Each structure stands twice: as structure tokens, then as C-alpha cells.
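What follows is a set of notes on a single structure, which appears directly below.
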Amino acid sequence: MTGHSHSTEEQLRDALDALAAEVRPTPGAYRRARADWRRRERKRRLILAILIAVVFGTANAVGLWALNHSDGNTHVIFSDTPVRQDPLGRIGQP
Amino acid sequence: MEYVAGMPPIGLAVTKDLERERAIAALFDEHHLPLVRLAALLGADDAEDIVAEAFYQLYRRWRRLRSADAAAAYLRSVVCNLTRMRIRHLQVVRRHLEHGLPPIEHAASVEVEAVLRDDQRALVKAINDLPSRQREALVLRYWLDLRERDIASAMGISAGAVKAHLSRGMASLTSKMEERT
């Protein structure tokens, strides 16, 4: 088995080498590949920029809409209504 | 030089882009042909497209690469994955097509096998019939002469699994070659 396996290994190496030697790339592969990378990279950046603009614009629009619909007389942070104090200053009922 | 807080200066970014282009051009010169051959040996019908895609992945992730030396291993791993995905895709397409169409041939087996000897042709046919993982392991071991650890990293599996694939693949090839003689 080991002898056969060894001979198969040698045959396999030879066959793979012979097969690989016949594979040749077409000329100008780098130029074509680089043009394709650049085109895809530009497209990716454009889509990303559009996505960011859409998210930013939507967030702004929602914020403006919410502000526009809120009551101008209601103050969220400061209220002019005085807090009623307990005249006896007691903490609670016994 | 214009400078925006939190971002590299524009001049520096342009220099880095140029460096990346130069480094990738050098890698392309060195590794393109072996990678196309690897993809063809793994059974890809569009080996050049797969290698171009692998270089695009490298182009995109260049800044995240540990070192320039890691690029070759990364490219090899991407080519293996993309070829496996491509073959799987072709198998799925094939399953959904009507019967009676000619079987999908491996690109290398159609045009290139004519120059092989009879025994080599039989061996190549036997390799083509192996499961894709076994075929990958055998090609990486016996054509690229990679160590088990490197094969494991290229295939994204453990070294033990690589050993199992190699042993099963080799046993299957040996028995087929013995049947033939």
C-alpha cells in the first residue's frame, strides 16, 4: 500500500505540474483587473456616501418634524410652575 | 497641506493609496500566474475572474492586513474559498436545470487534458471526482508543497481535518489507479 501510495504521490505531482503548465493567463490581466477594482471601489464609496446622506437627512427631517409639532409653551427642562412645599415641613404621615 | 481633525491629511492618504497600488502591482506580478493555476487545478471554470476577485478583496482590506508577507497566504485562502463557492454554485445550478444537458466540465479538463499522457489523464479524472475538500487538500499539498498547518489556514479547517482529507483523498486515488492497472 505504501509503495503504491508513494507512486501515486509521484504521479499526482507530475499530473498536477503538467496540468498547471498548460494554464496561461490572458495578456493585460493587471490593467483589466485594476480598472475593475477602481470602478467597484468608486461605486462602493458613492453608495456609502448616498446612504450616509439619506440617514443624516432622515434624522434631520424627523427632528424638525418633532420640534414643529411640540407645544411651544411647554418647557421640557425649566418649568415656571412653583413646587408646592409642605407648610409643616414634615417628611410624611406617622 | 490641508488637515481635518481626526482624519489623515489628504496628501498622506494619497501617498498611502499610491503605496497600496504599488505593493499590489508587485504582488500581482509575483502571484497572479500561480494563483490562476491554483484556481484551475481546484476546478474553477473562470480561474482569472476568481483571482481578480481575490486581488480586489486584498485591495479593499489592505490597511487591515497584518503585514505584506501575509498577503500571499490571504490570496491563496480567498482563491480556495471562492473556487469552492463557485463549484457549489455550479452544482446547485446544475441540479435545477433540466436533464439531458451536457455535464459541467472542469475548465482545465476540457482544453488542457489533451496534452496529458493516458495515466495522467486518468489521475486528473480521478481528482475531479473527489469531494472538493479532498481535492483542495491534495492540490495544496502536492502541487504547492504546503505544510499541513498552511493548508489548514488556507482551507479554514484544523490540521487534523487536513490530515483526514489528505489520507482519504490519497487512498481513493490509489485505489482508482490500482483498478485501472
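Just so we're clear, the structure is a prediction, and the values are computed from it rather than from any experiment. Letters go in sequence order (proteins before strands), and every chain restarts at 1.
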Any side-chain heavy-atom pair of B:Ile24 and A:Trp37 under 4.5 Å: yes

Determine, for A:Glu9 against B:Arg141, whether the closest basic-nitrogen to carboxylate-oxygen distance falls under 4.0 angstrom. no

Which atom of B:Gln120 lies closest to which atom of A:Ala18, heavy atoms considered: OE1-CB, 4.0 Å

Where on B:Val139 is there a heavy atom nearer than 4.5 Å to chain A: the side chain, the backbone, both, or neither? both

Show the numbers, then the answer: is there a side chain to side chain donor-acceptor pair (under 3.5 Å) between B:Tyr59 and A:Glu41? CA-CA 9 Å; B:Tyr59 181 84; A:Glu41 191 65 11; 5.9 Å; no

For A:Thr26, is there any backbone N or O sitting under 3.5 Å from a side-chain donor or acceptor partner on B:Glu48? yes

Can you confirm whether A:Glu22 sits close enough to B:Arg37 that some side-chain heavy atom of one is under 4.5 Å from a side-chain heavy atom of the other? no

Proximity breakdown for B:Ala47 and chain A, heavy-atom pairs closer than 4.5 Å: neither

Take atom CZ in B:Arg20; do more than 12 heavy atoms of anything else shown fall under 6.0 Å from it? yes

Do B:Ile127 and A:Leu12 touch side chain to side chain, with heavy atoms closer than 4.5 Å? yes

Rounded to the nearest 0.5 Å, what's the gap from OH on B:Tyr142 to OG1 on A:Thr8? Could you check? 9.5 Å

Can you tell which part of B:Phe28 gets under 4.5 Å to a heavy atom of chain A, answering side chain, backbone, both or neither? side chain

Surrounding CZ of B:Arg63 (heavy atoms of other residues, nucleotides or ligands, distance under 6.0 Å), is the total greater than 12? yes

Give, as side chain, backbone, both or neither, the part of B:Asp145 having an atom under 4.5 angstrom from any heavy atom of chain A. side chain

Please evaluate residues B:Glu53 and A:Arg40 with respect to the criterion salt bridge (charged side-chain N to carboxylate O under 4.0 Å, His left out), reporting the C-alpha separation (whole Å), side-chain torsions for both, the decisive distance (0.1 Å), and the verdict. CA-CA 11 Å; B:Glu53 178 64 26; A:Arg40 288 173 67 182; 2.7 Å; yes

Chain B: which of A:Ala21, A:Ala29, A:Pro25 shares the most heavy-atom pairs with it under 4.5 Å? A:Pro25

Out of B:Leu38, B:Leu123, B:Val36, B:Leu33, which one racks up the most heavy-atom pairs below 4.5 Å with chain A? B:Leu123

Would you say the side chain of A:Asp36 lies within less than 4.5 Å of the side chain of B:Tyr56, judging by non-hydrogen atoms? no

